[in-house]
Number of protein chains: 2
Amino acid sequence: MTGRRPTSADVAREAGVSRATVSYVLNDAPGERIAQPTRERVLAAAARLGYAPSLAGRTLANGHSDIVLLAMPDVPAGELTSRFVDAVTRSLAAQGLTLVVHFDVPAAPRLPRLAAMLSVRAVLSLFPLPDADLAALRRVGIRAVPAGTGSDGLATAALLRRQGRMQVEHLAATGHTRLAYALPADPRLSVFAGPRQDGVRQACADRELPAPVPFTVPDDPSAVTAAVRALLADAPQVTAICAYNDEVALAALHGLRELAVDVPGRIAVIGVDGIPLAAYSAPPLTTIAVAPAAAALHLARSAVARLAGERATPVPVEDVLHLIPRATT
Amino acid sequence: MTGRRPTSADVAREAGVSRATVSYVLNDAPGERIAQPTRERVLAAAARLGYAPSLAGRTLANGHSDIVLLAMPDVPAGELTSRFVDAVTRSLAAQGLTLVVHFDVPAAPRLPRLAAMLSVRAVLSLFPLPDADLAALRRVGIRAVPAGTGSDGLATAALLRRQGRMQVEHLAATGHTRLAYALPADPRLSVFAGPRQDGVRQACADRELPAPVPFTVPDDPSAVTAAVRALLADAPQVTAICAYNDEVALAALHGLRELAVDVPGRIAVIGVDGIPLAAYSAPPLTTIAVAPAAAALHLARSAVARLAGERATPVPVEDVLHLIPRATT
DNA sequence: CGCGCCTGGTTACGCGCGTAAGCATCACTG
DNA sequence: CAGTGATGCTTACGCGCGTAACCAGGCGCG
């Protein structure tokens with residue numbers, strides 16, 4: 001009994017109508033011309049057979065699928081990334097769109113090729129796309145929605161810079177003037193780390209504070225303490241550490257604890273992201289929390305608006321970012 | 001100049017051959033019957049036009065896509081989950097298969113329907129599927145590869161129980177006899193927490209130790225300390241906590257720290273998962289690390305083997321699980 | 001020389017679907 | 001009662017692709 005899956009033709013036969021009628025009924029055709037009794041016969045037949053339309057057939061006929069491609073830079077997926085992707089997926093699903101994430105890893109097919117293969121409806125990206133990719137997409141008639149650029153979008157780089165600024169604002173308000181900036185070891189994270197560090201630098205410059213001292217936090221736990229010790233020796237005037245994100249902050253915090261450095265008495269620490277575990281460190285970590293659902297909702301709205309040819313409304317920063325003061329500052 | 005995307009017909013015209021020839025060349029047809037010069041003309045034309053085959057067309061012609069659906073229970077995505085999914089995706093991609101994850105959230109379309117719409121090649125699942133779903137999939141001729149069941153697969157429940165057993169093994173070896181089991185607050189996690197807790201119970205029973213005392217760790221940081229205090233008051237004989245996973249363990253550890261309880265002197269703590277941040281707690285957390293890449297590789301191999309009609313070889317537990325002793329035990 | 005056989009292609013069809021265009025039927029009007 | 005719309009459905013086509021079936025030509029062989 002391992003039959004094939006039912007097609008709309010099966011439904012048509014079952015309901016005693018033509019295939020076209022089935023299609024009109026199931027798609028709620030705008031110029032509704034099907035009588036109510038017929039409608040019900042078709043719907044009943046479809047339910048009885050467990051009919052589910054083939055997306056392949058529909059895509060071929062329509063010329064495009066309902067897939068939206070999210071272009072992600074090649075970054076190791078962290079807590080926040082997955083929460084964000086999850087939220088975008090849900091927001092788009094509410095519009096009948098399916099999100100597929102494309103990680104720009106060297107081995108993967110290039111973005112325009114994948115977009116063509118999937119007959120995607122649109123391509124979303126957090127950062128401006130390379131001109132070559134944009135041109136390739138335009139050439140095949142695919143809309144690119146660069147959420148990371150322009151004034152109406154959730155300008156990603158600006159948001160990242162804002163996070164850095166907020167870190168400095170909080171530290172400056174509590175009297176710190178000599179800062180260090182803790183960078184992650186993985187070079188692929190520089191797409192995010194760069195703008196955040198820029199925000200910190202700019203905020204320092206605005207306040208006429210000396211530029212923050214950069215230092216890298218190694219991935220290897222046993223090397224972290226040595227890196228922190230080196231920082232304290234090289235830049236003894238530093239009283240606070242801005243970390244790239246909470247994970248880097250927690251690693252640095254561990255190094256400080258190993259060295260029995262008083263936190264926040266001797267050195268204050270602040271992170272970004274607001275991951276759940278930041279509440280459980282010793283001492284609990286002060287951080288700039290990101291509301292991924294709010295950011296994702298906006299990205300999704302922006303995408304839908306652009307697909308409809310409208311302009312999206314800017315997202316208020318307060319909805320997405322806020323300070324969680326805890327015990328490390 | 002926003003033309004349509006090139007089709008194989010465009011390539012055929014460009015190369016001066018028929019569309020069938022293009023198809024044979026680009027798919028490396030098994031009964032190779034195309035001359036080398038022609039091959040090269042076709043390949044050159046395809047490259048020149050930037051041709052990418054439409055997956056919709058291919059799916060329709062083949063009768064199925066290259067998509068494999070991974071059925072996930074409705075769990076909040078944690079660190080390990082995303083690492084695992086990532087690893088499965090890569091392993092399957094190496095076989096030319098595309099992984100799509102289906103989260104069984106109440107709002108989503110049901111699994112068999114989605115599988116039909118995508119014309120999937122197979123459905124993977126970490127746990128045995130409901131009989132109704134299995135029947136529905138079989139009826140439409142879709143193979144289900146239940147990696148979570150059977151003796152040749154990566155029997156998920158057995159693996160989870162094994163993790164619990166390993167926690168007890170380590171604690172018993174260091175002299176602990178009265179254990180508590182720390183459960184997550186989110187009820188959806190019970191699909192994972194149940195088997196792990198069972199493993200702990202069984203291991204205790206095997207050693208004729210008293211049954212572990214269960215207690216729930218709240219999601220709200222401010223409520224954690226009270227929960228831990230209640231545990232210590234209600235079950236003062238307990239000397240060690242097995243936690244559902246590292247996040248729960250770190251939360252419990254935070255509660256113990258707040259109460260100034262000596263760890264591991266008065267209470268030992270052990271987690272599961274081996275997330276990076278477990279190395280940075282105070283004190284650093286002992287845990288049963290899971291190698292998601294190894295598990296994923298096996299799951300992917302198992303899936304591919306079953307698609308080819310073979311049986312998969314069992315995965316050695318040592319490849320997937322190992323103890324990381326740190327300072328909390 | 002006629003036959004079969006390999007080589008290197010081509011032509012023809014169908015996969016499941018959306019939809020434009022066609023075609024009965026019937027109510028209503030001048 | 002012929003003419004005119006609406007109403008309710010069907011027929012016909014094409015989307016891009018894989019592939020079975022077919023066919024032209026060259027070559028060895030009895």
Side-chain angles (χ1 to χ4, degrees), chain A residues 3-42 45-46 49-66 113 115-120 140-141, chain B residues 3-42 45-46 49-66 96 113 115-121 140-141:
Chain A
R4 336 163 336 292
R5 32 183 309 238
T7 73
S8 71
D10 296 324
V11 176
R13 203 173 311 116
E14 176 85 5
V17 298
S18 76
R19 224 180 41 65
T21 303
V22 171
S23 186
Y24 286 134
V25 169
L26 294 183
N27 292 340
D28 253 342
E32 189 57 79
R33 336 239 312 80
I34 310 294
Q36 193 58 28
T38 313
R39 283 181 69 75
E40 281 162 13
R41 279 218 318 284
V42 170
L49 296 179
Y51 170 71
S54 152
L55 295 187
R58 179 171 289 182
T59 297
L60 212 47
N62 277 343
H64 61 80
S65 65
D66 281 331
R113 180 179 169 83
M117 293 199 296
L118 295 175
S119 308
V120 300
V140 300
Chain B
R4 335 164 337 293
R5 34 184 308 243
T7 73
S8 70
D10 296 324
V11 176
R13 203 174 311 117
E14 177 85 6
V17 296
S18 76
R19 224 180 41 65
T21 303
V22 171
S23 187
Y24 287 132
V25 168
L26 295 183
N27 292 339
D28 252 341
E32 190 57 81
R33 337 236 314 82
I34 310 295
Q36 193 57 29
T38 312
R39 285 180 67 76
E40 281 161 12
R41 279 219 318 284
V42 170
L49 295 179
Y51 169 71
S54 153
L55 295 187
R58 178 171 290 182
T59 298
L60 213 47
N62 279 341
H64 61 80
S65 65
D66 282 330
R113 180 179 169 83
M117 292 199 300
L118 294 175
S119 308
V120 301
R121 189 74 166 280
V140 300

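So you know, we letter chains A, B, ... as the sequences are listed, proteins then strands, and number each from 1. Everything numeric in this text was worked out from a predicted model, so none of it was measured.
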List the atom pairs, donor and acceptor, that lie under 3.5 Å between side-chain atoms in residues 53-64 of chain B and the rest of the protein, sequence neighbours left out.
unit_1: B/Ser54; atom_1: OG; unit_2: B/Ala56; atom_2: N; d: 3.2
unit_1: B/Ser54; atom_1: OG; unit_2: B/Gly57; atom_2: N; d: 3.1
unit_1: B/Thr59; atom_1: OG1; unit_2: B/Leu55; atom_2: O; d: 2.7

List in chain and number order the residues that pass side-chain contact (heavy atoms from CB on, under 4.5 Å) with B/Ala116, two or more places apart in sequence or in another chain; answer none if no residue qualifies.
A/Arg5, A/Ala52

Hits for side chain to side chain donor-acceptor pair (under 3.5 Å) against A/Arg19, two or more places apart or cross-chain, chain-then-number order -> A/Ser8

Any side-chain N or O of A/Ser23 below 4.0 angstrom from OP1/OP2 of C/dG18?
yes

Checking only heavy atoms, does the side chain of B/Arg19 share a donor-acceptor pair with the base of D/dG18 at less than 3.5 Å?
yes

Can you tell if the side chain of A/Val25 reaches within under 4.5 Å of the side chain of A/Thr38, non-hydrogen atoms only?
no

Nearest whole Å is fine: how far is C/dG18 C1' from A/His64 NE2?
11 Å

For A/Ser119, does its backbone N or O pair with a side-chain atom of A/Ser65 as donor and acceptor, under 3.5 Å?
yes

Members of residues 49-62 of chain A that approach DNA chain D, where some heavy atom sits under 4.0 Å away:
A/Leu60, A/Ala61

Please examine the side chains of B/Asp28 and B/Arg39, heavy atoms only from C-beta on, and report whether any two atoms are closer than 4.5 Å.
yes

Per the side chain to side chain contact (heavy atoms under 4.5 Å, CB included) rule, which among A/Val42, A/Asn27, A/Ile34 passes with A/Val22?
A/Val42

Students often get this wrong, so: under 4.0 angstrom with heavy atoms, is A/Ala35 touching a base, only sugar-phosphate, or nothing?
sugar-phosphate

Between C/dG16 (P) and A/Arg5 (CZ): distance, integer Å:
8 Å

Let me have a per-nucleotide readout for nucleotides 21-28 of chain C, 5' to 3', with B, S or -, counting only protein heavy atoms under 4.0 Å.
--------

For DNA chain D, the residues among residues 11-18 of chain A that have a non-hydrogen atom under 4.0 Å from it:
A/Val17, A/Ser18

Distance test, side-chain N/O of A/Ser8 to OP1/OP2 of C/dC17, below 4.0 Å:
yes

Note the angle between the end axes of the helix from C/dC1-D/dG30 to C/dG30-D/dC1, five pairs defining each, rounded to 10 degrees.
70°

To the nearest Å, how far apart are A/Asp66 CG and C/dG18 C1'?
13 Å

Applying side-chain contact (heavy atoms from CB on, under 4.5 Å), can you list everything that pairs with A/Thr7, at least two apart in sequence or on another chain?
A/Arg4, A/Ala9, A/Asp10

Verify the contact: side-chain N or O of A/Thr7 to OP1 or OP2 of C/dC15, cut-off strictly under 4.0 Å; return yes or no.
no

Could you report the tightest heavy-atom contact between B/Leu26 and B/Ala46, atom names first, then the distance?
CD2-CB, 4.4 Å

d(CD1, A/Ile34; C1', C/dT19) in whole Å:
12 Å

Provide, to the nearest angstrom, the distance between the CG atom belonging to A/Asn27 and the C1' atom belonging to C/dT19.
10 Å

Could you state the CG-C1' distance from A/Leu26 to C/dT19, rounded to the nearest angstrom?
14 Å

